[in-house]
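The shown structure was predicted, so the numbers you read here are calculated from the model rather than taken from an experiment. First the proteins, then the strands, lettered A, B, ... as listed; each starts at 1. Atom set for the values below is all heavy atoms of this structure, side chains included, hydrogens, waters and symmetry mates excluded.
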2 protein chains.
Amino acid sequence: MPVKRPPRTRLSADERERHIARGAVAFFCEAGFGGQTRELAKRLGITQPLLYRYFPNKEALIDRVYREVYLNRWDPRWEEVLDDHSRPARERIIAFYREYAKAVLSYEWIRIFMFSGLRGMNLNSRYLTLVRDRIYTRVIRELRREHGLPSPAEVPIGEMEFELVWALHASIFYIGIRKWIYGLEIPENVDEVVENLATAFLDGVPAVMARALTPAAKAPRRAPRRRG
Amino acid sequence: MPVKRPPRTRLSADERERHIARGAVAFFCEAGFGGQTRELAKRLGITQPLLYRYFPNKEALIDRVYREVYLNRWDPRWEEVLDDHSRPARERIIAFYREYAKAVLSYEWIRIFMFSGLRGMNLNSRYLTLVRDRIYTRVIRELRREHGLPSPAEVPIGEMEFELVWALHASIFYIGIRKWIYGLEIPENVDEVVENLATAFLDGVPAVMARALTPAAKAPRRAPRRRG
DNA sequence: AATGCGGGTGATCGGGCGATAGATAGGCGG
DNA sequence: CCGCCTATCTATCGCCCGATCACCCGCATT
């Protein structure tokens with residue numbers, strides 16, 4: 001009685017390597033890096049030892065997954081959009097966040113990012129440092145300019161300003177966390193949500209930012225301050 | 001040559017049970033639920049089989065960790081603060097978020113919450129549904145009242161309004177993610193940051209919220225809308 | 001001092017999983 | 001059609017880890 005067995009499909013080394021890499025991304029996103037090589041092999045329709053022909057060990061496979069997901073995620077046009085002074089700052093910032101959300105709100109990115117953070121990789125901090133240096137600084141610079149505040153060259157960007165931009169970043173990223181980590185429902189029209197978040201940010205932040213830029217306002221903290 | 005061995009410390013069943021439970025929380029927070037029972041036992045200064053005298057298996061231990069962390073985290077006073085009409089809504093909302101941040105921004109909570117989410121538990125969605133029903137609805141109700149918008153009884157709370165409140169929640173929670181999952185530095189004075197986030201929220205959201213409440217404004221989406 | 005109860009330990013089992021080694025098959029150059 | 005090269009498979013090793021079992025020991029009771 002012959003066991004029903006999928007036919008041995010023979011690929012070139014390159015093809016098979018890419019095949020495994022793609023499968024590994026999908027698999028480890030879902031199962032976490034504790035996922036088993038046997039299970040991965042089963043999903044790929046190959047035997048488990050074959051993985052070891054292309055990757056010396058599991059760790060190498062995981063490294064490959066990181067590279068696959070982290071590289072090519074950064075879009076240089078983001079910086080261009082933020083620098084394009086032919087459009088109003090407000091419009092540029094909203095446009096950027098809409099693009100950014102599109103790139104970042106994916107099952108793979110959100111989960112790999114979390115898994116790598118929990119694993120103690122420093123990939124996250126490296127990536128986020130990049131975001132801060134390339135993106136946050138630009139957003140703050142444009143916001144300041146739009147509201148007639150001193151430029152970063154004149155007054156360096158303060159911790160609190162970064163925090164405010166972090167908040168917008170967080171509220172967008174968290175949409176992905178809700179969906180792909182908590183398994184919650186999220187609105188269908190994410191684009192519209194992101195646009196509204198950015199709008200609310202642009203409306204609400206400048207006042208706080210201006211206050212953070214005038215050192216005097218920092219002294220009395222406990223009393224609930226209303227505007228003015 | 002006698003091996004140096006910690007003396008066998010004998011506790012009452014109750015004490016030992018709590019001892020293990022506390023240790024398990026600390027351990028699994030750090031190592032994730034894939035952490036090994038032997039390692040846990042070593043940290044507790046006991047042998048691994050002793051764990052099984054108090055918990056039938058590893059899963060039960062993990063359940064206990066969940067209970068330990070999830071229960072007693074909810075503070076009923078939160079709702080009272082938000083309902084206390086003797087203070088201005090603005091002040092109440094800021095006060096609430098300051099309290100909430102204090103409860104939620106802890107190593108244990110942030111990491112257990114993430115781990116349980118990635119594990120596919122529905123604890124997260126249960127907890128967050130509670131937050132939405134008990135907190136978000138109140139925040140929105142008070143915000144609407146302060147700005148002369150119809151009450152939730154008159155016009156039910158819309159998806160977009162919830163999204164705006166989610167955003168504030170996210171920006172606070174994400175501070176913890178940055179610190180305890182990504183290992184990034186965060187400002188020393190988190191209280192002040194939270195207050196500023198809440199302030200920026202209160203300044204920026206009402207305009208967007210009012211727009212979301214008038215269905216006409218929803219039609220033209222693509223054109224960059226400036227205020228007014 | 002003898003006894004027994006219950007907290008604690010050492011030794012070990014059995015399955016799971018990463019990794020390896022040797023056998024097999026299928027296509028290509030000659 | 002032959003022989004070789006290499007992609008793939010079968011079988012298995014060795015360690016790790018959750019779980020179990022039989023035994024030990026110290027205190028309370030009598």
Task: Rounded interatomic separation in angstrom, taking CD1 from Ile62(A) and C1' from dG18(C) - done: 11 Å
Open item on the list: Side chain of Thr37(B) only, heavy atoms from C-beta on: which candidate in dA7(D), dG18(D), dC25(D) is closest?
Closed with: dG18(D)
Open item on the list: Within residues 51-61 of chain A, which residues have any heavy atom lying less than 4.0 Å from an atom of DNA chain D?
Closed with: Arg53(A), Tyr54(A)
- [ ] For dG8(C), take OP1 and OP2 only and decide whether either is under 4.0 Å from a side-chain N or O of Arg16(B).
- [x] yes
Task: Distance, rounded to the nearest Å, where Arg18(A) contributes CZ and dA7(D) contributes P - done: 14 Å
TODO: Run the salt-bridge test on Glu68(A) and Arg64(A) with the 4.0 Å N-O cut-off and return the result as yes or no.
DONE: yes
Task: Pair assignment for DNA chain D - dot-bracket with | for other-strand partners, Watson-Crick or G-U under 3.5 Å - done: ||||||||||||||||||||||||||||||
- [ ] Could you tell me the separation between the CD atom of Glu17(A) and the C1' atom of dA7(D), rounded to a whole number of Å?
- [x] 14 Å
TODO: Anything under 30° is parallel, anything over 60° is perpendicular, the rest tilted; go ahead and classify His169(B) against Tyr100(B).
DONE: tilted
Open item on the list: Salt bridge or not between Arg90(B) and Asp203(B)? Use side-chain N to carboxylate O under 4.0 Å.
Closed with: yes
Task: Residues Lys102(A) and Glu99(A) bridged, charged N to O under 4.0 Å - done: yes
Open item on the list: Just N and O in the side chain of Thr47(B): are any of them under 4.0 Å from OP1 or OP2 of dG8(C)?
Closed with: no
- [ ] Find which nucleotide of DNA chain C each of Gln48(B) and Leu11(B) is nearest to by heavy atoms, and output the residue with the more 5' nucleotide.
- [x] Leu11(B)
TODO: Run the salt-bridge test on Arg141(A) and Glu79(A) with the 4.0 Å N-O cut-off and return the result as yes or no.
DONE: no
TODO: Measure from the ring center of Phe115(A) to the ring center of Phe28(A) and say whether it is less than 6.0 Å.
DONE: no
TODO: Rounded off to whole Å, could you give me the NZ-to-P distance for the Lys42(A) and dG16(C) pair?
DONE: 12 Å
TODO: Over 60° means perpendicular and under 30° means parallel, so classify the ring planes of Phe33(B) and Tyr66(B), tilted if in between.
DONE: tilted
Task: Ionic contact status for Arg138(A) with Glu142(A), cut-off 4.0 Å - done: no
TODO: Report which part of the nucleic acid Gly35(A) touches: base, sugar-phosphate, or nothing (heavy-atom distance under 4.0 Å, all strands).
DONE: sugar-phosphate
Open item on the list: For Leu50(A) and Arg38(A), find the nucleotide of DNA chain D closest to each by heavy atoms; which residue's nucleotide sits nearer the 5' end?
Closed with: Leu50(A)
Task: Salt bridge Arg98(B)-Glu195(B), side-chain N to carboxylate O under 4.0 Å - done: yes
